[in-house]
Amino acid sequence: MKNILKYSFLALVALVIVGCQSLELDELLDNPNSVSPDKAELDLVFNAVMLDFKTFVDEVSDETMPYVRMAAMADGYFYNNQDGPTDFNFMWQTAYFDLLPDLNLIIDNATERDLTTYAGIAKTMKAYIMFTLVDLYGNIPYSEAFQGVVVPSPKADTDAAVYGAAADLLTSALADFGNPKGSLGGDLYYSGSAGPWATLANTLLIRYHVTTRLAGGSGAAIDAILSGGDIMDEISEDFEFQYGSNRAAPDSRHPYYSDGYENGGPGWYMSNYMMWQMFGVKDNEDPRLRYYFRRQDGFEDNENQFTLDCTTAPYPTHWEDGYPWCTASGDFGDPDGIRGGYWGRSHGNADGIPPDDLKRTAWGLYPAGGAFDDLPMIIEDEDTGDGTWQVSNNGTDGARGAGIQPIFLSSWTHFMLAEAALTMGVNADARGLLETGLRQSISKVMNFNTGVVDAALAPTDEAVDAYVDEVLGLYDAAADDEARLDLVMNEYRLACHGMGLEPFNNYRRTGYPSLMEPTRETSATSFFPRTFWYPAVYVNFNANASQRQDLNGRVFWDTKPGNLR
Amino acid sequence: MKKISLVLSLVLFAVSFAIAQRAVSGTITDDGGEPLIGASILVKGTSSGTVTDIDGSYSLEVPDGSNTLVVSYTGFETREVKLGASNVLDITMSEGVALDEVVVTGLGIRRDKKALGYAVTTLGSNQLELRPEADVARVLRGKVPGVDISQTSGLAGSGTNVIIRGYSSITGSNQPLFVVDGVPFNSDTNNDRGFDEGGSSASSRFLDIDPNNIAEVSVLKGLSATVLYGEAGRNGVILITTKNGNIGDLDKKFEVTVDQSFFANDIASLPDDQDSWGNGFHNFASAAFSNWGANFNERTANDGVAADGTIRHPYDRAALNSVLPQYDGARYNYQAYDNLQNFFQTGLIASTSVNIANRLSEGTSLNFSYGYRSEEGFIPLSTFDKHNLGLGINTKLANGLELISTFNYVTSERQAPPTGVSFSSNPTGASLFSNIFYTPRSVNLTGLEFENPQDFSSIGYRGGNDIQNPYWTLKNTSDNERVSRFFGTIALKYKLTDWLSAMYRVGYDGFAQTQRYSVNKGGNQLPLGVLETSQRANTIVDHNLNLQYNARISDDLTLDGVIGVNVRNDTRRQTFANSSQQFVYDLLTHDNFINHLNQSDTRAENLIGAYATASLGFKNFFYLNVQARNDYTSTLEKENRSILYPSISASFIATEAFAGLQNNTTLNYLKLRLGYGTSAGYPNPYQTRNILGVSTRDFVTNGGTVVNSNTVDNRFGNPDLKPELHAELEFGVEMRLFNNRFGVDLSLYDKQSSDLIIDLNLDPSTGYQNTTINAAEISNRGIELGLDLAVIQTSNLRVALNANYTRNVSNVEKLADGIDQLVFAGYSNLGNFAIKDQPYGVIQGEVIARDANGDRIVQSNGTYLTAPDLGILGDPNARYVMNYGLNVNFKGIALNALMTYSDGGVIYSTTPSTLMARGILAETDFDRYVPVVAPGVKEDGTPNDIQITSTQHYWQNGGVFQDEMRVYDASYLKLREVSISYSLPGSIIENSPFGTVTMTLSGQNLWFKALGFPAGANFDPEVLSLGVGNGRGFELMNVPTSRQIGGSIRLSF
């Protein structure tokens, strides 16, 4: 009996020692690996926003550039299969669950605490995001959004309504900036104070009116902003994200650089047409050519159908004469045979990927922070250059990735206002705006990381003047305002290198530039997309969403009749 | 099944001194040659008899006039054997008679099988030990109806997926609970990386159990059987009793058993390649990924091969000319080479087990076990070593208090190659196997240098050097896993009265797992080098306190059961360190890397449960069992944390109930059973509250400022989360017919799971990425059928066949409102989906666009158009699985064979489709100059007439570009296991020190045929490239299966 007591006692002791902890239930509900949301700090939330914002813009640009021939369209033979619904998930996610809840938190919190500068900046960024989502998808959830499982399937608002709400956000932001309180710490775009953000907000309001000019956008409103507000008309006011050069942990470089300048060659194909435009169309070479593109191969005539399968393919029969075929400096693009290695892809060449990643043209110095193209224009014996021409050198080339993501630049303001002057009766000189836009764009590019530029190969002032003069001459020779607008849109597009959204919107709104390279394959049913597929995460997880039948549905401001090529 | 009918033995022993007329002796063994200890032998028609000793031997005096012995043993068929002229009579007994079988049920309580209202399958040690596999679950494969066991791969020590009666949870775990010696055993599969970067090869922690040290395994399949285990038992329970935990007989004599096994471990199959065409594209020899190059035997004008049959040497390229000058300008024969054959090896598996059982003193016995296993895989980089040390001590004090204890310590080390997935070329992350199988025929992989002599980086045949050389991978990568684990139990039992006893048992299971993944710099997928280490310390502490009662109410009525409480604490602590950018080549310390990222995670979960059962027995033919348990969890908010779930089941033995059926030789036994069980499921911890996203070092600005951030977390914490509910109705019939020669065990079940906790992806426009909610419903209905038939049964020869049939049909009844599908495994655009009114887990992926008639649409370039939306590619679940067993016993020789036929289901498989699309498989040996027109219609609806090259057709229309073309019927036939064993007869070893000497030859995965695949692929579809979990039906070129053949010897003294 004594033993029983002894053992029972032992058992009880064991129960008490281990058991007590095992009986806790409430104590284990809070996650010990994180803190509760009320510990959020506004400056730190803004940091997340600032970084996610550049990710969003980068993604928007990546998705839009191929359509407007700013990078090669190489994922689909036709517009409707260049991208599928899943390709837009990332953009939708970045906007809706990374950015906007943080921005809403900042706006609510800053409004409550009367930190108007914070609120204004957040509203300006939110407006840009909402404009962009409408531009790409049309009707989108807004008024029922952001409520978690309270509204698990938010209904879409009309595109016009969301656009209007975004414009109202800009107006509200401008009111906040009129009475600025607080200063944002660690602003990754501007100084943290209200001034430059107000400049941006005014410019985005003009952009709103120009974009909607066929759907109620008002020239008078633009005139009013021009007369009263400060707008982004100097390079120093550019809205852009400055990348760093930290290679890893975290990789803080421009994504184009991380992609191409490390190992194994670039994943991107440049657009043959875009490259060719910069040396094969005008008498004068575009001064930005060596900054925009960095070739890896000097001569592509010695390739076979394996590395460059279009070498044996005929020029597409449905194309007008005169476009570059196969590569930009191939036989048709460079009839004199004085350039080599502008190795991109034709529009809609979705063939498999041959082992050409150490041969194709890479993103250059601007805006990727890559290398300036200081190579001779042609090298016939490829073997001598093999290895030394390539850009994949473990992140040691060029500006080491310290590039920028252009979001909205002062040069673009001028091109945009030129359109407003030509089409909306805005009181401005379109020719003068075109020239300023051109000169600002060239100047920005040529003053970008000058330390890694081979000065001997940098364009001279005379070369720049000659180029500008040639463009202005073409402008003067244009038959009418439509032709002038066509020319302005083309120059605008060339100035947007690295940011596809503005040209993608401009093309749909104006139909210009009018003679871009057609797709390689013909199709009676695939026209230039007027909206994107809705993202799969939206269609699949939202009971009120359904996928569109085709890509022909238009955004409310896109009303110019006819299909685009 | 060495069950000792102690009482019976003693009684028989007492009466065995009959008048001697004739002395008969011999050995009594089971089918596998195992001696049966304590089997009773009676001289028919007399009271004289004996029991066998520890070696299974007996000797008996048989009176004149008697010529028949009656041999009986619990769980075995009673046999009557005629005496011949010889005085030596060895008798083999067969298992299978269910009449008086005692099985282990919930909480380790042993009960008469006939009283159970639910299905339990019990396997004895002879069905588990001396097998090539180290993994207890794999040893069970094919032996238990209703249990679906799949290996993830053939890699030494890789994980195993176990699913009982279908998947009932959508995004939660569907793995069963393992209980070892009465205590929950952590059987997680811990991955540091996702399946796409090698996580699928991680071990499942039941690997820490030594199959050679198992006395018995019981599989509780239905919810009426598992109620006592609480919510953790909702996916079924695998009850393992180790030899250390099974010291039933406290007076066991000193016995030592030694097992030694050797097995050869090979890759199960290699594809048949064609030998006519080499590396290149469009019939032109080049350093492509593909094998659509020139013909080896005929030269054409422009095929890239010189007239002398040579091409430029693959290493004659500018980047290598300075470091490998011998190849500058060198030529290379364009011919077929053997690569795969040279790449793989035959690994050796050696396994030693020692078991010592001894009685220390009156009432105290111990069992000691030690096992060592050393395993080499079919590639040099794959090894597995394990030590299992165990001790069990039982003691009974004079006052009646009994103390039962087990202590086990395990250490193991597993070394594996990195195993990422691949879809046709380079893998995601580093991976050994991805870059070996599609090696073009004209590349002599074995004969080429694999590393750059200057910087040790990988070099390969491709001009751009963009394939990591598999030999470089072998030398420069490693995925290592070390575990040390302690688990043990201490139980105190005390008999309060003759009908009531009390028990307290505490169990502890704790392991430390260290993983180390390293890749030197210089490769292709992780060019800068990586070192990732992780530590996990997981513990389970489980207390059980209960009262067991067993009362006879009247002559006809018995009542027994248990009332108790269970408290369980489960903790996990993990730290991860990731270093990237190696500084000095081949030094793999964290200090030698430039960038570091660390992470830690802890979680704790408590569960309190109270349970009670009552089993009412009427006249040995009707039993009614009622059970209930109430659980309280720490993972749900207070309002939702408690849940009660009951079960009820009944058993009716018709052959006992009706006088007319008793002692019937045609229908020997008929039992009907019916059960209804319920269970709950709790979410993982910390799903009910929102948290703040915190992130450091997000970005370093151009000025060098480090940016850290806060953010609204993307997961929505759901405070209203409740437990999920499972309910199952089960009906069964057990029969023995024709003098017990034919047995049937049938179960039908219908399981409905509702309020299922799902990890729900939200439309991001809700502001959140995902949440956890109770929303879905799923049903599983199935049939389990076991059949056994003694075809021949004589005293010397017994031939028995058995078969088991498993069919489970699942249906997703409901998902969250507005959600018609969700992906839970794989990728969002290619994975296993739950789709309303479809079987659970259907595979969706990209499909080819079709016109209204269902014809494939061809684009203007002659290749198929991809549809914008995903489509269903098939159901990965087999329609049914049938296992066939053959057991032959002939004079001490036992032959066992197990064959599996799995019918239906699909598998998305990248290895065969890639080998086809890349022109390597034997099936691609045709005239490749003939153009091809893809079957289908053009976009305008007219029949396709666009000619394309065979290269283009096979490459772009053949599978690599369209998911739809990579899906195969997964039906297969497999000779899973064969063993032949022979026990030396007692007459030979009589004068040796040995009690038994048994030799066994065995092999597993000896032959297979996948019926839906190209024959040349020789493909074994029994792999799970998504790893252990809910995904299935994917083979992503990560690791093929293995085949093991070898032998064992068992000696006992």
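Convention: sequence-line order gives letters A, B, ...; per-chain numbering from 1.
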What part of [X] gets closer than 4.5 Å to chain B, counting heavy atoms only: side chain, backbone, both or neither?
X       : result
N104(A) : neither
V149(A) : both
Q93(A)  : both
F46(A)  : neither
N542(A) : both
D26(A)  : both
N31(A)  : both
T522(A) : backbone
R247(A) : side chain
L105(A) : side chain
I140(A) : neither
S245(A) : both

Point-to-point distance, once rounded to the nearest 0.5 Å, from [atom1] of [X] to [atom2] of [Y]:
X       : Y       : atom1 : atom2 : value
L25(A)  : E637(B) : CG    : CD    : 11.5 Å
R400(A) : N702(B) : CZ    : CG    : 12.5 Å
S709(B) : E41(A)  : OG    : CD    : 11.5 Å
S34(A)  : R689(B) : OG    : CZ    : 11.5 Å
L870(B) : N540(A) : CG    : CG    : 7.0 Å
E521(A) : E939(B) : CD    : CD    : 9.5 Å

At their closest point, which heavy atom of [X] faces which heavy atom of [Y], and how far apart are they?
X       : Y       : result
D30(A)  : Y686(B) : O-CE2, 3.4 Å
F699(B) : G244(A) : CZ-N, 3.8 Å
P37(A)  : N690(B) : CD-O, 3.4 Å
F541(A) : D763(B) : CB-N, 3.4 Å
L29(A)  : S634(B) : CD2-O, 3.5 Å
P764(B) : Y96(A)  : O-CB, 3.1 Å

Which region of [X], side chain (C-beta onward) or backbone (N, CA, C, O), has a non-hydrogen atom less than 4.5 Å from a non-hydrogen atom of chain A, or is it both or neither?
X       : result
Q581(B) : side chain
V712(B) : both
I490(B) : neither
L597(B) : neither
Y632(B) : both
T633(B) : backbone
T688(B) : side chain
S600(B) : backbone

For the residue pair [X] and [Y], establish whether any side-chain heavy-atom pair is separated by less than 4.5 Å.
X       : Y       : result
T866(B) : N81(A)  : no
T701(B) : L188(A) : yes
R697(B) : N246(A) : yes
N606(B) : L28(A)  : yes
N714(B) : D98(A)  : yes

Most contacts with chain B, counted as non-hydrogen pairs under 4.5 angstrom, among [options]:
options                   : result
D83(A), D356(A), D102(A)  : D102(A)
A248(A), S392(A), G84(A)  : A248(A)
P141(A), G148(A), S153(A) : G148(A)
P250(A), P101(A), A145(A) : P250(A)
W92(A), Y142(A), W533(A)  : W92(A)

- [ ] Would you confirm whether the ring centroid of F716(B) sits within less than 6.0 angstrom of the ring centroid of F97(A)?
- [x]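 No, ring centres 6.0 Å or more apart.
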Task: side chain to side chain contact (heavy atoms under 4.5 Å, CB included) evaluation trace for V35(A) with I691(B) - done: CA-CA 6 Å; V35(A) 294; I691(B) 56 167; over 6 Å; no
Check for a donor-acceptor pair, side chain of [X] on one end and backbone N or O of [Y] on the other, with a separation under 3.5 Å.
X       : Y       : value
N595(B) : A249(A) : no
N710(B) : A40(A)  : no
S252(A) : V700(B) : yes

Task: More than 12 heavy atoms of other groups within 6.0 Å of K938(B) NZ - done: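 Yes - once you tally the heavy atoms of other residues, nucleotides and ligands closer than 6.0 Å, there are more than 12.
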Open item on the list: Check this for me: R573(B), atom CZ, are more than 12 non-hydrogen atoms of other residues, nucleotides or ligands nearer than 6.0 Å?
Closed with: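 Not more than 12 within 6.0 Å, no.
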Among the listed options [options], the residue most often paired with chain A at heavy-atom distances under 4.5 Å:
options                            : answer
T771(B), T602(B), I819(B), L762(B) : T602(B)
N761(B), V707(B), N829(B)          : N761(B)
Q769(B), K638(B), H596(B), Q687(B) : Q769(B)
N718(B), D713(B), L528(B)          : L528(B)
L692(B), D466(B), D817(B), T635(B) : L692(B)

Task: Steps toward side-chain hydrogen bond (donor to acceptor under 3.5 Å, both in side chains) verdict (N47(A), D698(B)) - done: CA-CA 9 Å; N47(A) 281 347; D698(B) 290 331; over 6 Å; no
Open item on the list: Hydrogens and angles aside, do N861(B) and Y77(A) bring a side-chain donor and acceptor to less than 3.5 Å of each other?
Closed with: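 Yes, because at least one side-chain N or O of N861(B) sits under 3.5 Å from a partner of the opposite role on Y77(A).
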Open item on the list: I'd like to know whether V45(A) forms a side chain to side chain contact (heavy atoms under 4.5 Å, CB included) with T711(B), so could you lay out the CA-CA distance, the side-chain angles of the two residues, the decisive distance to 0.1 Å, and finally the verdict.
Closed with: CA-CA 5 Å; V45(A) 178; T711(B) 179; 5.9 Å; no
